[in-house]
> 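First the structure, which I've put down as structure tokens, then a few questions once you've had a look.
All chains are named by letter (A, B, ...) in the order of the sequence lines, taking the proteins before the strands, and each is independently numbered beginning at 1.
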Amino acid sequence: MFRWNSVTFKEQADHYHMQHSHLSSTGGHSLWVRACHWLATIAFLLLAFTGIEILMVHPRLYWGETGNDLTPALFELPISRNYKHQGWTASRAFFNEAGSPVSAGRTYDIFNQNGWGRSLHFLAAWFLVATGLAYLLLGAFSGHFRRHIVPARKELNRRSLWSDIVSHARLLVPSATGGPQYGLLQKITYAGVVFFALPLMVVTGFSMSPTITATFPFLLDLWGGFQSARTIHFFATIALLLFLFIHLFMVIRSGFRSQFIAMTTGNKYGKEKDHHAP
Amino acid sequence: MEKKRIITRREAIMSGLAAMGGLLLPGCTRVGQLPPTYGNILRMGDALTYAAHRSLLPGQSLVREYSHRDISSFPATGTLNPGDSSRPNHSELYAKLHHGDFRDWRLSVEGAVARPGLYSLEDLMRFPSKKQITRHTCEEGWTAIAEWQGVTVRRVLESAGILPSGRYVNFFSFDGWADGIDMFDALHPQTILAYAMNGKQLPVPHGAPVRLRLETQIGYKSMKYLQRMVVTEKFDDHGDAGSIKLGWSWYNGI
């Protein structure tokens with residue numbers, strides 16, 4: 001029976017690790033993987049922080065091309081004083097017909113730190129895009145994706161997937177390996193982040209640029225409009241933050257110190273100096 | 001295993017640097033002058049975005065134009081009436097012009113132009129008019145669609161005769177705001193001085209009598225309550241009247 005006892009936990013996890021020989025490590029993280037990992041981490045944290053600030057300025061999300069305080073929202077988030085504020089002059093219709101669009105003037109001093117918020121968001125986005133492009137090129141040409149990230153066809157069967165899900169559900173996390181090989185769920189998750197979630201963030205971000213959508217109007221059609229892109233950008237952020245928490249949890253369960261050292265120095269056993277390695 | 005790597009570290013770094021150089025090089029030739037950064041890292045990021053947009057995106061692409069049924073409700077934000085005496089720094093002149101239904105309003109076109117002059121609403125309406133139904137994209141995150149009618153900035157500048165040294169077009173408003181755009185955006189076919197919104201005279205909360213519509217940038221670049229339009233050779237941050245001093249980006253194509 002699994003117990004929340006650190007010795008028993010470690011024994012069980014290492015036993016699980018030995019049974020699953022595909023998890024045996026082949027080498028530490030290479031320099032470019034480590035560089036990309038930390039650059040992307042810093043960029044992501046800055047993007048998440050400034051992204052939340054930007055959302056706080058207008059904490060309403062919509063679907064379609066338009067959305068503002070005078071139109072219905074999909075939902076609103078109570079994350080700043082701008083939430084459902086009532087500082088508006090009486091609304092006036094644009095046209096003499098029922099259901100005409102209206103205008104009203106804002107009389108409320110809203111929370112707005114977008115001056116630095118937006119500029120820092122886009123600066124961090126440059127780092128993420130540059131790091132991401134370097135990572136995708138290096139990963140494709142070095143064989144890193146083929147060997148470590150994309151699940152091999154023979155691993156992809158219902159039985160191994162189920163057994164990996166069960167061991168994750170039982171929190172059977174093997175000791176730090178300090179690098180590849182990765183487990184099946186781990187590979188699927190990393191592939192989802194680097195090939196799907198992060199590119200989705202970038203493309204939905206581009207879809208909110210008036211200059212970029214002037215050149216590439218199909219970006220608006222892709223999502224169904226500016227506000228749809230903004231809403232997808234929001235949900236992809238939630239997915240990535242969820243990934244970050246699970247990733248951190250797994251790193252801590254498997255040995256935070258050695259995993260951190262491995263991702264920083266490249267030593268696969270997570271020791272501080274090479275000569276300590278067995 | 002290490003030796004089998006196809007791309008060596010040095011090759012990777014060198015090709016990365018070469019790619020970055022390739023990105024920035026056209027920026028130096030086509031952008032002309034970058035906005036000042038004041039040693040501020042955020043302003044450097046803004047300048048990089050500006051250089052990338054100007055060098056990587058083709059020509060003056062037109063923004064999407066919508067149909068009449070796409071017109072949406074449209075909040076008025078920022079200054080709602082520069083003549084409102086309860087406002088600090090309110091404009092007596094604007095209140096007077098508003099009282100006279102803007103018959104005495106004139107747009108002063110000055111700077112690096114051959115024929116500086118004053119343009120009344122009637123003068124502007126005599127130019128061929130341009131109508132466009134476009135999306136306003138506010139930096140706050142909201143969007144709205146409206147029909148705008150006006151004269152292209154290009155037509156007015158041509159009438160005044162831009163001197164070859166002109167590089168920037170600066171706008172000064174009755175609410176004390178000042179901002180500039182580069183000639184690339186000023187001469188864009190959809191950059192207009194709008195005097196009508198949704199088929200009616202431009203309402204005061206939306207910038208009467210004339211506002212700028214700069215469709216390729218974020219909303220706050222489309223200045224309301226225009227008073228002067230000044231062509232300059234040099235970039236002007238407009239000090240305390242401009243956006244940069246307040247910590248906002250000058251270029252807002254994103």
Side-chain angles (χ1 to χ4, degrees), chain A residues 26-27 30-32 54-55 57-58 60 62 65-71 82 88-89 91-92 94-95 101-107 110 112 114-116 118-120 122-126 130 133-134 137-138 141-143 205-206 208-217 220 225-227 230, chain B residues 1-2 5-7 9 12 15-16 19-20 41-46 48-49 52-53 57-58 60-64 66 70-78 80-81 135 137-146 197-200 203 205-206 215-218 243 246-249 252-254:
Chain A
T26 54
S30 53
L31 174 69
W32 69 268
I54 293 167
L55 185 65
V57 176
H58 194 74
R60 291 163 59 89
Y62 315 88
E65 194 68 286
T66 56
N68 57 59
D69 285 293
L70 308 179
T71 69
N82 302 357
W88 294 95
T89 60
S91 56
R92 298 172 80 166
F94 283 118
F95 308 111
V102 299
S103 184
R106 185 199 285 148
T107 56
I110 64 163
N112 189 341
N114 273 355
W116 61 265
R118 277 168 49 86
S119 289
L120 185 54
F122 304 138
L123 179 66
W126 271 112
L133 284 176
L137 285 172
L138 289 164
F141 288 112
S142 67
F206 282 161
M208 288 185 269
S209 154
T211 298
I212 294 172
T213 53
T215 306
F216 305 111
L220 293 169
F226 175 101
Q227 292 296 344
R230 182 168 173 263
Chain B
M1 286 303 276
E2 290 282 297
R5 281 188 308 191
I6 297 165
I7 297 177
R9 201 169 286 171
S15 54
M20 286 293 279
I41 190 166
L42 296 181
R43 301 288 84 86
M44 292 176 200
D46 299 340
L48 176 61
T49 302
H53 279 197
L57 297 173
Q60 287 168 321
S61 305
L62 300 182
V63 304
R64 171 159 291 179
Y66 300 85
D70 295 322
I71 291 175
S72 74
S73 290
F74 205 127
T77 58
L80 301 178
N81 180 0
R135 191 189 66 238
T137 305
C138 181
E139 47 81 14
E140 293 165 15
W142 55 266
T143 50
I145 291 175
M197 177 185 190
N198 291 337
K200 293 193 184 105
H206 289 282
E215 308 293 1
T216 51
Q217 290 201 39
I218 288 297
S243 50
L246 295 169
W248 291 77
S249 176
N252 288 284
I254 48 175

> Who passes salt bridge (charged side-chain N to carboxylate O under 4.0 Å, His left out) against B/Arg135, sequence neighbours left out?
A/Glu65
> Hey, are the side chains of A/Phe94 and B/Phe74 touching, using non-hydrogen atoms and a 4.5 Å cut-off?
yes
> Could you check if a side-chain atom of A/Ile212 sits within less than 4.5 angstrom of a side-chain atom of B/Leu57, using non-hydrogen atoms only?
yes
> Any non-hydrogen side-chain atom of A/Thr215 less than 4.5 Å from a side-chain atom of B/Pro58?
yes
> Which region of A/Ala104, side chain (C-beta onward) or backbone (N, CA, C, O), has a non-hydrogen atom less than 4.5 Å from a non-hydrogen atom of chain B, or is it both or neither?
backbone
> Could you check if a side-chain atom of B/Glu215 sits within less than 4.5 angstrom of a side-chain atom of A/Pro210, using non-hydrogen atoms only?
no
> Heavy-atom cut-off 4.5 Å, strictly under: side chain, backbone, both or neither for B/Pro205 against chain A?
neither
> Donor-acceptor pair, B/Ser72 side chain versus A/Thr66 backbone, under 3.5 Å?
no
> Report yes if the side chains of B/Arg43 and A/Ser119 come closer than 4.5 Å at any heavy-atom pair, otherwise no.
yes
> With sequence neighbours excluded, tell me which residues meet salt bridge (charged side-chain N to carboxylate O under 4.0 Å, His left out) with B/Asp70.
none
> Could you tell me the separation between the OG1 atom of B/Thr143 and the CE atom of A/Met208, rounded to the nearest 0.5 Å?
11.0 Å
> With distance as the sole criterion, is a donor-acceptor pair present between the side chains of B/Glu140 and A/Asn68 under 3.5 Å?
no
> Which distance, rounded to the nearest 0.5 Å, do you find between the CZ of B/Arg64 and the OG1 of A/Thr213?
8.5 Å
> Tell me, for B/Ile218 versus chain A, whether the close heavy atoms (under 4.5 Å) come from the side chain, the backbone, both or neither.
both
> Please classify the contact between B/Met197 and chain A as side chain, backbone, both or neither, with a heavy-atom cut-off of under 4.5 Å.
side chain
> Kindly indicate whether the side chain of B/Asp46, heavy atoms from C-beta on, has any atom under 4.5 Å from the side chain of A/Phe122.
no
> Is there a side-chain contact between A/Thr71 and B/Trp142, using heavy atoms and a 4.5 Å cut-off?
no
